[in-house]
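Computed from a prediction, not measured in an experiment: that's the story for all the values here. Each residue takes its place number in the sequence, starting with 1.
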Amino acid sequence: MEENMKPIIQSKNDISESHNGLGFLNDCISCIVSEELNGMMELELVYPIEGVLSEHLINENVLKVKANEEQAPQLFRIYNITKNTEPDRINVQAKSITHDLEKCFIEKLEIKDSSGMQAMKALMELSNPKHKFQLSSSKTNKGSTLLERKNVLECIAGTEGSILQKWQGELTRDNYSISLDSK
């Protein structure tokens with residue numbers, strides 16, 4: 001892992017794409033980001049139990065890492081911690097910050113003969129609670145769908161009638177932005 005690729009740990013209450021939070025995890029043993037096309041984007045990190053910032057590796061805190069060559073560093077929210085006394089390591093699992101949209105719901109999203117951008121805009125407007133994510137699409141083909149009692153991420157992808165299923169394309173996650181574009 002290159003020096004400029006070291007993960008940064010941030011408090012769940014002070015997340016930023018532009019600062020270094022609580023610090024660099026310089027003694028990180030490994031950090032691997034996995035991304036499936038139109039699917040999950042997850043991180044697995046291994047860190048020494050006695051590492052300098054190990055006390056900050058807790059659920060809900062955020063890791064900022066360079067996930068790929070094309071994008072700026074990405075934010076991942078920690079959801080699982082496993083401590084192994086042999087060989088004295090902490091295994092951390094984190095999901096893209098976009099999974100915070102699982103906490104936002106829509107009662108009913110009915111879209112008729114609309115573009116992908118119109119569908120994403122309607123989803124943003126109906127989200128409860130409101131969020132700071134930007135949802136966009138360059139898809140101009142017209143489509144329709146009806147989704148009820150779903151979280152925002154399910155409406156985008158992952159359920160029958162989702163925007164991804166109806167409008168097709170490729171999802172791109174970029175911190176607080178999700179876009180659906182042509183393949």
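Distance check: M120 CE to M117 CE gives 7.5 Å after rounding to the nearest 0.5 Å. For the atom pair CG of L123 and CD1 of I106, the computed distance is 6.5 Å after rounding to the nearest 0.5 Å. Annotation: the span from L171 atom CG to S179 atom OG amounts to 7.5 Å, rounded to 0.5 Å. The CD atom of Q134 sits 12.5 Å away from atom CG of N175, with the distance rounded to the nearest 0.5 Å.
Side-chain atoms of D181 and S138 include a donor-acceptor pair closer than 3.5 Å. For the 3.5 Å distance criterion, the side chains of S162 and Q165 fail to qualify, holding no donor opposite an acceptor.
The ring pair (Phe, Tyr, Trp, His ring centres under 6.0 Å) search around Y176 returns F133, not counting sequence neighbours. For E107, the salt bridge (charged side-chain N to carboxylate O under 4.0 Å, His left out) partners are R149, not counting sequence neighbours. Contacts of E110 classified as salt bridge (charged side-chain N to carboxylate O under 4.0 Å, His left out), with partners at least two apart in sequence or in another chain: K108, K112.
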Check against side chain to side chain donor-acceptor pair (under 3.5 Å), N59 and Y79: CA-CA 5 Å; N59 284 335; Y79 72 90; over 6 Å; no

Residue pair K103, E154: steps toward the salt bridge (charged side-chain N to carboxylate O under 4.0 Å, His left out) verdict: CA-CA 11 Å; K103 298 173 186 168; E154 288 175 315; over 6 Å; no

Chi angles and distances behind the side chain to side chain donor-acceptor pair (under 3.5 Å) call for Q74, D174: CA-CA 7 Å; Q74 298 295 299; D174 191 4; 2.8 Å; yes

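Enclosure of atom CD in E50 is not indicated, since only 12 or fewer non-hydrogen atoms of other residues, nucleotides or ligands lie within 6.0 angstrom. The environment of K142 atom NZ is dense: over 12 non-hydrogen atoms of other residues, nucleotides or ligands sit within 6.0 angstrom.
Electrostatic pairing of R77 and D100 counts as a salt bridge here, judged by a charged N lying under 4.0 Å from a carboxylate O.
Using a 4.5 Å heavy-atom threshold, the side chains of I58 and I78 count as separate.
Paired with C155 under the rule side-chain contact (heavy atoms from CB on, under 4.5 Å), one option of L126, L147, L164 passes, and it is L147.
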